[in-house]
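Data block below; observations after.
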Amino acid sequence: MEHYGKKRRFLSRAILVVTFVMLLSVFTIGASASSYATYTYSYEGYALQSPDAYVPERSVDSSYIGLETELSDVRDLEIDDEGNIYIVDASLNAVIVMDNYYKLKYMITEFTNEWGVVDSFNSPAGVFISEDYIYVCDTSNNRIVMFDRDGGYYKTIPKPTSSYFEEGNLYRPIACAVDNYGRIFVVSSTTYQGIIVMDDDASFMGFIGAQKVTISAWEIIWRNFQTDEQRESTAEYVSTEFNNITIDEDGFIYVTTSSIDEDTQQSAISSRSTSGDYAPVKKLNSAGNDVMSRTGFWPPSGEVSVSSSSTASITGASTIVDVAVGPEETWSIIDQKRSKVYTYDKWGNMLFIFGDTGDQLGNISKVAAIVYNGTDILLLDSSRNSFTVYRRTEYGDLLITALEHQNDRIYDLAVEDWTLILQRNSNFDSAYIGIGDALYRDGDYEEAMEYYSLAYDTEGYSDAFREVRSEWMSTWIWVIPIVIIVVCVAISRFFKYANKVNKETQLKVGRKSFKEEMLYAFHLIFHPFDGFWDLKHEQRGSVRAGIVYLVITIFAFFYQSVGTGYIFNPTQSSMSVFACVASVCVPLILFAVGNWCLTTLFDGEGSFKDIFIASTYSLLPLPMIIIPSTLLSNVLVDDEEGVMTLLVALGWIWTGILLFFGMMVTHDYSLLKNLTTILGTVVAMAFIIFVAVLFSSLVAQMVSFVSSIAVELSYRS
């Protein structure tokens, strides 16, 4: 019994120790875990959760730095090549310099200028550190002040003088960047012509990168009647200003703006625009041309899915206020509205999003600046006057390694890296694209197509398919002309046969056979005037044949929705049979009813039956072209889409012409009267839709009223 008691006490103590260790590990994990969700966006626009690429490590405030006076209005955050951190405080009129342990190194407040006068800043807003100098944007003093790397005063760069600056134009530098040639690129908060380019002697070199503005057609017309003074006073026509700038080691300039209209910005995202006209971030070359690659699913503009709900706490497009260049040509922008970081690769593919507002470690109240510090990211919080250090995780390291191997063209290792990433995050489309790129460059085109398709990368899929198609054509080159000849001969013989039957039918008296009625459409589409005349007066067509052509047209549209090649329908979306029936039959019936109602009042000679038959026979060019173009879509690549689009457009134009002249011949109208009637038919169709919607609404209200009475009576009984 004593032995049993000792054993029992030992087990109890062991269980307590194990429980304590488990609880300790849980608390440790909880303390180091991020206080936000990391995610990306899918091709369809859904947010997909991702492993954390960065986790918060510490918050650095005035006391941590070792300042005697607390920070009170931080504006900018920068880092130099030695790991020293620079903070600009507009209220203290100071630049605070820290070492790589985030401890105070020195401060720049007062300095003696070249005239021997003690000088100081006035609301500085930005700082840039080159290899030799520190450039401080002394905003309210309308100048840039240069210091050496030890904080010693070097020179003052005043406002550049040029006739390009409008008279009375205020110069307020808020951010700057300097390239390897000493050219200074300045963002002025009151300058809308673009980024100011000058040298350190204030010699003006020009403007680059002016933002495009939106002007409606009415505004363009109205401006032609305005005086010069009115045009100059119309502020909404001028370009928007930039708010921040940085430069990479290759001399490319990244600039951001938050002045773009939110609806315009979000419209560009929703339409997947690859243009930088209304983008909140651009990558400019030295000539000011936007060279940013936007080949990802969504334009690199911040948040993709923007809530418009009245209950949502944050709505509208992202407010981008800063950009930072990271390792392996990655770059990040920050959304001040949501306090989030959006990181992209050099092709514009979204890698990850993290950050949020709140009070926990890692949450930012109002993000104002971002900078990379080796493998860390630093975010400046202008509301709390502090910055937070985020450490890159193992998952983040793996991402950068994969991009490094891909950029260095070590494709075997890149495939291994992307595979490891997919094991941790199967929703990461960029990994599928990365593997596809590596396989493509290794010549494994068919397998590359599979990975591209998993990420809906139609551009990569098209490139791989082009190579597969070239290999197939080189192998079966002798088959292609044979197939073309056979198809052409078959089409030619069919039309000859149809022509023969139609000629024989001209001499036939009485009711025509179903075959003759069907084949007559192939004469009508090439000879509309005499074709529609005989269709009505010689009874060459029928309702049953018209219904068949209507069904064939419905089938053509259904086949188009399900049979279009992957490149032109990557999500494989399709219409239901019911939707295809409705999309064809409803407009056709509305047209026939509207045209019959209108022509009855204006001496039209065609009956409703004549209108229906002429309309359905006019549909024949659509299936004749849609079905072959859909087949063709399975062998075309993306830059050949114009061929398919041209064919489909030809089918619609052909049908429209037949329908127009069919109504003119059927009703025996002149050209002008027929045109007027067709326009009136369109109005009649809209009126019928309005009446139908109104009637259905009234019926729904009546049903709701009757059901409410029935429910009330059931409760009372």
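The structure presented is a predicted model; accordingly, all values stated were derived computationally and were not measured.
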Any non-hydrogen side-chain atom of S618 less than 4.5 Å from a side-chain atom of F532?
yes
I need the I260 CD1 to S318 OG distance, nearest 0.5 Å.
11.5 Å
What closest approach, in Å, do V648 and S629 show between heavy atoms, and which atom pair accounts for it?
CG2-OG, 3.7 Å
Test your reading of the model: is there a side-chain donor-acceptor pair from S492 to the backbone of C488, 3.5 Å cut-off?
no
Stepwise side chain to side chain contact (heavy atoms under 4.5 Å, CB included) test for M449 and Y461
CA-CA 5 Å; M449 287 167 57; Y461 186 97; 3.4 Å; yes
Presence of salt bridge, R294 and E459, under 4.0 angstrom:
no
Determine yes or no for a side-chain-to-main-chain donor-acceptor pair under 3.5 angstrom, with S633 supplying the side chain and G565 the backbone.
yes
Measuring from L524:CG to L535:CG, what's the distance to the nearest 0.5 Å?
6.0 Å
Counting only heavy atoms from other residues, nucleotides and ligands, does the tally under 6.0 Å from CH2 of W472 exceed 12?
yes
Kindly say whether T630 contributes a backbone atom to a donor-acceptor pair with the side chain of N634 at under 3.5 angstrom?
yes
After noting the C-alpha distance and the side-chain angles of T458 and F568, does the key distance pass the side chain to side chain contact (heavy atoms under 4.5 Å, CB included) rule?
CA-CA 8 Å; T458 54; F568 308 106; over 6 Å; no
Value rounded to 0.5 Å, distance of CG in D457 from OH in Y452
6.5 Å
Is any side-chain heavy atom of Q506 less than 4.5 Å from a side-chain heavy atom of R540?
yes
Heavy-atom distance under 4.5 Å between the side chains of I626 and Y559, does that happen here?
no
Evaluate side chain to side chain contact (heavy atoms under 4.5 Å, CB included) for S615 paired with F591, printing each intermediate quantity in order.
CA-CA 9 Å; S615 300; F591 178 84; 3.9 Å; yes
Is the number of heavy atoms from other residues, nucleotides or ligands within 6.0 Å of CZ (F608) greater than 12?
yes
Examine distances only and state if a side-chain atom of N285 and a backbone atom of N289 form a donor-acceptor pair shorter than 3.5 Å.
yes
For E504, I'd like to know if atom CD has over 12 heavy atoms of other residues, nucleotides or ligands within 6.0 Å.
yes
Are the side chain of T616 and the backbone of I613 linked by a donor-acceptor contact shorter than 3.5 Å?
yes
Is R466 salt-bridged to D639, going by a charged N under 4.0 Å from an acidic O?
yes
Rounded at 0.5 Å granularity, tell me how far NZ in K673 sits from CG in D668.
9.0 Å
Considering residues, nucleotides and ligands other than F526, do more than 12 of their heavy atoms fall under 6.0 Å from its CZ?
yes
For residues 584-611, which residue pairs pass the salt bridge (Lys or Arg N to Asp or Glu O under 4.0 Å) check, not counting sequence neighbours?
none
Do T599 and Y669 have side chains that approach each other closer than 4.5 Å (heavy atoms only, starting at C-beta)?
yes
Under the side chain to side chain donor-acceptor pair (under 3.5 Å) test against E517, which residue among Q539, R544, K512, R511 passes?
R544
Evaluation steps, ring pair (Phe, Tyr, Trp, His ring centres under 6.0 Å), between Y46 and Y41
CA-CA 5 Å; Y46 299 116; Y41 273 103; 9.3 Å; no
Does a sphere of radius 6.0 Å around CZ in F602 hold more than 12 heavy atoms from other residues, nucleotides or ligands, not counting ones at 6.0 Å or beyond?
no
Check: Y617 ring centre within less than 6.0 Å of Y549 ring centre
yes
Can the ring centroids of Y39 and F352 be said to lie less than 6.0 angstrom from one another?
no
Is the gap between the ring centers of F494 and F522 under 6.0 Å?
yes
Run the ring pair (Phe, Tyr, Trp, His ring centres under 6.0 Å) test on F529 and F661 for me, step by step, so that the C-alpha distance in whole Å, both residues' side-chain angles and the decisive distance to 0.1 Å come before the verdict.
CA-CA 7 Å; F529 289 101; F661 288 113; 4.9 Å; yes
Atom CZ of F495: over 12 foreign heavy atoms under 6.0 Å:
yes
Evaluate the side chain to side chain contact (heavy atoms under 4.5 Å, CB included) criterion for residues W347 and D437: first the C-alpha distance (whole Å), next the side-chain angles of each, then the deciding distance (0.1 Å), finally the verdict.
CA-CA 12 Å; W347 298 280; D437 289 342; 5.6 Å; no
More than 12 heavy atoms of other residues, nucleotides or ligands under 6.0 Å from CH2 of W654: yes or no?
yes
More than 12 heavy atoms of other residues, nucleotides or ligands under 6.0 Å from CD of E446: is that the case?
no
Got a second to check how far D429's CG is from M350's CE, nearest 0.5 Å?
11.5 Å
When rounded to the nearest 0.5 angstrom, what is the spacing between OG in S462 and CG in D638?
3.0 Å
Check whether any side-chain N or O of R272 sits under 3.5 Å from a backbone N or O of F297 as a donor-acceptor pair, and report yes or no.
yes
Report yes if the side chains of L588 and L550 come closer than 4.5 Å at any heavy-atom pair, otherwise no.
yes
Do L454 and E450 have side-chain heavy atoms sitting under 4.5 Å apart?
no
